[in-house]
Amino acid sequence: MLLAVEVSFTEANESFTLCLRLSSVFKRIGTLLPKDSDGWGHASSLTTTMSLTAKDKKMVKAFWAKVAGKAEDIGCDALSRTLVVYPQTKTYFSHWKDLSPGSAPVRKHGGTIMGGISLAVASIDDISAGLLALSELHAFKLRVDPANFKILSHNILVVLAILFPNDFNPEAHVAMDKFLAAVGRALSEKYR
Amino acid sequence: MVDWTDTEKSTISAVWGKVDINEVGPLALGRFRCSCNDRVLIVYPWTQRYFGSFGDVSTPAAIMGNPKVAAHGKVVCGALDNAVKNMGNILATYKSLSETHANKLFVDPENVRVLADVLTIVVAAKFGASFTPEIQATWQKFMKVVFAAMGSRYF
């Protein structure tokens, strides 16, 4: 998490000392974080390296079996919500004629995305391997900022809650949240 | 702090008005009978660190049956109710709450964002398809403002 500190000139001295103290704390925290290939430990990797347990995988597969029949609806609604609630995401679809919720291109692409999620479920024992081609596509051709994977994941969870309020209990919620985070990580792997 | 259109204000009041504080409050912290608090404690188990004095929060069942968790869910919803009633001035309304969380409770503000996400999901489940993308956008704007106000006294 990035912390911003406002400094006024009159407090500059105290704030500078505070910054030094904070930075030494962060350095110590940094040594505890798993390192990325660039040598930096990122706090976000703490969330993304929480791996799926056997229980999580079982829950994801069982839940997906229940909901897969509505995959296109889920994808369409999740993408619609992404475009409306996070309008900056429209940048990736400026070539579509119609970006409104439920439009034809949105529905079609929502289905495509759900195909990727299905593939991830089928590859749940090695999501990185299963999504290798998709990662390269997103990294080199589409160049989608990986921050958007979290946004879409959130909206998938919202849609699952709307469509399956009884099945989407807390245990299913945590398993799906972890799974979608793992999918986001796998998609980000080839970026750099 | 933030500009609200009349439509946005009435949307938030309408959504919140249909929420039964006794039902959703305890729901966002199992099934849609648990608390907003319950769901946060289950989906993000490291948040349990703040509730050492609440007794048994070791399993989803324990969390969903814990009366202190449910009571805290109601406290949280009471605070949200306050925000809905003072939408024009959430920053000032939350000044002392922010100070308490920053200086006494030492709660990482990230937990407020997490709670906001979970609450959005719980509200979505309650409202179903009537929680349209547009209503979700307004609701999440409200959640963002609450999150910013809660974090405002940390520095």
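On a predicted model such as this, the values are computed, not experimentally measured, just so you know. In what follows, chains are A, B, ... by sequence order, proteins preceding strands, each numbered from 1.
Each ring-ring contact (aromatic ring centres under 6.0 Å, His included) pair with one or both residues in residues 56-91 of chain A, not counting sequence neighbours, appears once here: A:Phe63-A:Phe168.
In this structure, B:Ile121 is a member of the same hydrophobic cluster as A:Phe164, with clusters built from ILVMFWY side-chain heavy atoms closer than 4.5 Å. Under a hydrophobic-cluster definition in which Ile, Leu, Val, Met, Phe, Trp and Tyr are linked whenever side-chain heavy atoms come within less than 4.5 Å, directly or via other members, A:Leu142 and A:Leu99 are assigned to the same cluster. At a threshold of 4.5 Å between side-chain heavy atoms, the hydrophobic network of Ile, Leu, Val, Met, Phe, Trp and Tyr places A:Leu83 and A:Met114 in one connected group. Cluster membership for B:Val2 and B:Ile90, using ILVMFWY side-chain heavy atoms within less than 4.5 angstrom, is shared. Side-chain heavy atoms closer than 4.5 Å link hydrophobic residues (I, L, V, M, F, W, Y) into clusters, and following such links, possibly through other members, connects A:Leu152 to A:Tyr191.
Nearest heavy-atom pair, B:Pro133 versus A:Arg81, reported as atom, atom and distance to 0.1 Å: N-NH1, 3.7 Å. Nearest heavy atom pair, residue B:Ala124 against residue A:Val158, reads CB-CG1, 3.7 Å. Shortest non-hydrogen contact noted between A:Val174 and B:Val43 is CG2-O, 3.5 Å.
Rounded to the nearest 0.5 Å, atoms NE2 (A:His173) and CD1 (B:Ile42) are 10.0 Å apart. Separating the OG1 atom in B:Thr120 from the CG atom in A:Leu157 is a distance of 11.0 Å, to the nearest 0.5 Å.
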For side-chain contact (heavy atoms from CB on, under 4.5 Å), just list the numbers for A:His154 and B:Gln140, CA-CA rounded to whole Å, side-chain angles, deciding distance to a tenth of an Å, and then say yes or no. CA-CA 12 Å; A:His154 170 71; B:Gln140 290 202 205; 3.0 Å; yes

Check against side-chain contact (heavy atoms from CB on, under 4.5 Å), B:Tyr44 and A:Asp177: CA-CA 10 Å; B:Tyr44 304 98; A:Asp177 192 30; 3.1 Å; yes

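For chain A, no part of B:Thr138 is nearby; none of its heavy atoms comes within less than 4.5 Å.
Considering only heavy atoms from C-beta on, A:Pro170 comes within 4.5 Å of B:Met64 through its side chain. Between B:Gln136 and A:Val84 the shortest side-chain heavy-atom distance does not fall below 4.5 Å.
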